[in-house]
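Single-structure report; data block below.
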Amino acid sequence: NIYEAYIHPDDVVDCDFEEFVNFMKDSQTCVNNKEDAMMFNLCSWIDDYTSPEDRPGFIRRCKPNVAQIYALLLDIDGTRTLEDAVTEFADYEFLIYSTYSNSKEKDKFRLILPLNSPLTNHEFNQRHDSMCDFFRVDRASFTISQAFYMPCYSPANQDVSYIHWNQQPKRYEALLLPVQDISTNIIQGPNLGHVDVLAPSIYKTLLSGSNMRYADALPLAVLCKSKGLDYSMFRDIINTIAGNDSSLKNGVADIDMLYMSSQ
């Protein structure tokens, strides 16, 4: 809860998004005070997590203990209307529900976007500012370890409470959002039409790799562009070294869009 920044490993549940949605729907309840509601987040924890000094065996809910996050949990407090949010993300799967202080005068809701590719702690930190800017959420509260209240309403606003699951096959790809720490020297690359003298060696070396995952594809696109390797070479590398179970191989990932969005 809000007063205890730790959880027990037994409280960590493995489930798919549909199971999570059903659990949230079944749990929506009326509470007299917001603090009475249970809390949740959608991340996994590292194996060698840090415990609170007075709670050995418990996981301290803090950023360094997070391994991955599987969905973006966005608190919308007047920066978007409900209609705008539903329209903007209509093509994606999401869960949306009213929060405790929602009213007819001001839309207050939570938007949960399951991710096509989970973000590691490092990948989340790289994109923190761009996510805050794009989704218009508070920088201080938007953290990878943040817990949120489950769906609830007060006796006074039950009539404006709701929860809705937008069932779409497409999931949001946060890895395409801009990162902060790519060197500008790499981004600039050679002049148009020129190829770096190291390009053939780099191409040959990359073809010898294996088990490439989706998170590696955007840095690869930046590298290829910076050294003058064209799109066909980029695709050639992916087709050669991507893991067989990767979205890069099974057609789920939009490789064209990923390459075009790289700087």
Side-chain angles (χ1 to χ4, degrees), residues 1-5 7 11-43 61 66 69-116 118-119 124 127-128 130-174 177:
N1 61 39
I2 193 173
Y3 304 109
E4 299 176 336
I7 58 173
D11 293 329
V12 180
V13 178
D14 249 347
C15 66
D16 61 28
F17 195 70
E18 182 176 359
E19 291 172 311
F20 167 73
V21 167
N22 290 331
F23 177 73
M24 297 289 275
K25 286 182 174 180
D26 293 342
S27 301
Q28 188 176 34
T29 185
C30 178
V31 294
N32 290 319
N33 300 296
K34 181 172 68 172
E35 292 78 11
D36 296 334
M38 295 177 66
M39 304 184 80
F40 75 99
N41 55 19
L42 293 174
C43 60
R61 186 169 53 79
V66 176
I69 190 168
Y70 298 91
L72 297 182
L73 292 81
L74 308 170
D75 243 350
I76 311 298
D77 186 359
T79 57
R80 275 183 172 88
T81 66
L82 175 63
E83 183 180 1
D84 287 345
V86 170
T87 300
E88 183 173 356
F89 298 103
D91 293 338
Y92 295 96
E93 181 177 24
F94 63 76
L95 180 68
I96 196 168
Y97 63 88
S98 55
T99 51
Y100 181 81
S101 53
N102 181 51
S103 67
K104 293 179 180 178
E105 293 73 35
K106 190 174 183 180
D107 287 327
K108 293 189 176 183
F109 54 91
R110 186 156 296 121
L111 177 68
I112 303 176
L113 282 168
L115 295 173
N116 182 50
L119 291 177
F124 182 92
R127 294 161 179 80
H128 179 266
S130 60
M131 287 189 286
C132 289
D133 291 339
F134 182 77
F135 294 110
R136 301 199 292 276
V137 293
D138 180 58
R139 277 172 160 73
S141 62
F142 186 63
T143 66
I144 196 169
S145 61
Q146 178 68 34
F148 294 88
Y149 289 110
M150 294 180 64
C152 63
Y153 48 84
S154 71
N157 70 352
Q158 181 174 356
D159 61 324
V160 291
S161 66
Y162 55 84
I163 183 168
H164 169 68
W165 178 24
N166 193 54
Q167 292 180 262
Q168 294 290 335
K170 187 178 181 180
R171 290 190 171 180
Y172 194 78
E173 188 52 82
L177 291 169

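All values below were derived from every heavy atom in this structure, side-chain atoms included, with hydrogens, water molecules and symmetry-related copies excluded.
- Smallest separation of non-hydrogen atoms from L113 and L74: CD1-CD1, 4.2 Å.
- The backbone N or O of D36 lies less than 3.5 Å from no partner atom in the side chain of Y149, so there is not a single donor-acceptor pair.
- Between the NZ atom of K25 and the CE atom of M150 there is a distance of 13.5 Å, given to the nearest 0.5 Å.
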List the steps and the verdict of side-chain contact (heavy atoms from CB on, under 4.5 Å) for V137 and T79. CA-CA 8 Å; V137 293; T79 57; 5.9 Å; no
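- Shown here for V86 and F94, the closest heavy-atom pair between the two residues is CA-CZ, 4.2 Å.
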For a side-chain contact (heavy atoms from CB on, under 4.5 Å) check, start with the C-alpha distance between F17 and Y70, then their side-chain angles and the critical distance, and finish with the verdict. CA-CA 10 Å; F17 195 70; Y70 298 91; over 6 Å; no
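- Taking the salt bridge (Lys or Arg N to Asp or Glu O under 4.0 Å) definition, one finds that D133 meets it with R139, sequence neighbours left out.
- Residues satisfying the salt bridge (Lys or Arg N to Asp or Glu O under 4.0 Å) test with E4, not counting sequence neighbours, are none.
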Let's go through K106 and D77 carefully: what are the C-alpha distance in whole Å and the side-chain angles of both, what is the deciding distance for side-chain contact (heavy atoms from CB on, under 4.5 Å) to 0.1 Å, and is it a yes or a no? CA-CA 8 Å; K106 190 174 183 180; D77 186 359; 3.5 Å; yes
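- The two residues F40 and I112 make their nearest non-hydrogen contact at CZ-CD1, 3.8 Å.
- Contact between L119 and A174 at its shortest, heavy atoms only, is CD1-CB, 3.8 Å.
- Separation of the F20 and F23 ring centroids does not fall under the 6.0 Å cut-off.
- Between atom CG of residue L42 and atom CD of residue Q146 there is a gap of 12.5 Å, rounded to the nearest 0.5 Å.
- For residues 155-174, every residue pair satisfying the salt bridge (Lys or Arg N to Asp or Glu O under 4.0 Å) rule, not counting sequence neighbours, is listed here: E93-R171, K104-D159.
- Atom CG of L72 and atom CZ of R127 lie 11.0 Å apart (nearest 0.5 Å).
- Looking at P155 and C30, their side chains come closer than 4.5 Å, going by heavy atoms from C-beta outward.
- A donor-acceptor pair under 3.5 Å is formed between the side chain of H128 and the backbone N or O of F142.
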Worked check of side-chain contact (heavy atoms from CB on, under 4.5 Å) between W165 and L95: CA-CA 5 Å; W165 178 24; L95 180 68; 4.1 Å; yes
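- F134 is linked by a ring-ring contact (aromatic ring centres under 6.0 Å, His included) to nothing, counting only residues two or more places apart in sequence or in another chain.
- Contacts of Y172 classified as ring-ring contact (aromatic ring centres under 6.0 Å, His included), with partners at least two apart in sequence or in another chain: Y92, F135.
- Of all heavy-atom pairs between K108 and S101, the closest is CD-OG, 3.2 Å.
- Checking side-chain atoms of D16 against main-chain N and O of E18 turns up a donor-acceptor pair under 3.5 Å.
- A distance of 8.5 Å separates NZ of K34 from CE of M39, quoted to the nearest 0.5 Å.
- A distance of 13.0 Å separates CG in N102 from OH in Y153, rounded to the nearest 0.5 Å.
- N166 places a side-chain N or O within donor-acceptor distance of the main-chain N or O of A90, the cut-off being under 3.5 Å.
- Looking at residues two or more places apart in sequence or on another chain, you find a salt bridge (Lys or Arg N to Asp or Glu O under 4.0 Å) between R110 and D75.
- The nearest pair of heavy atoms linking S161 to S98 is CA-OG, 3.1 Å.
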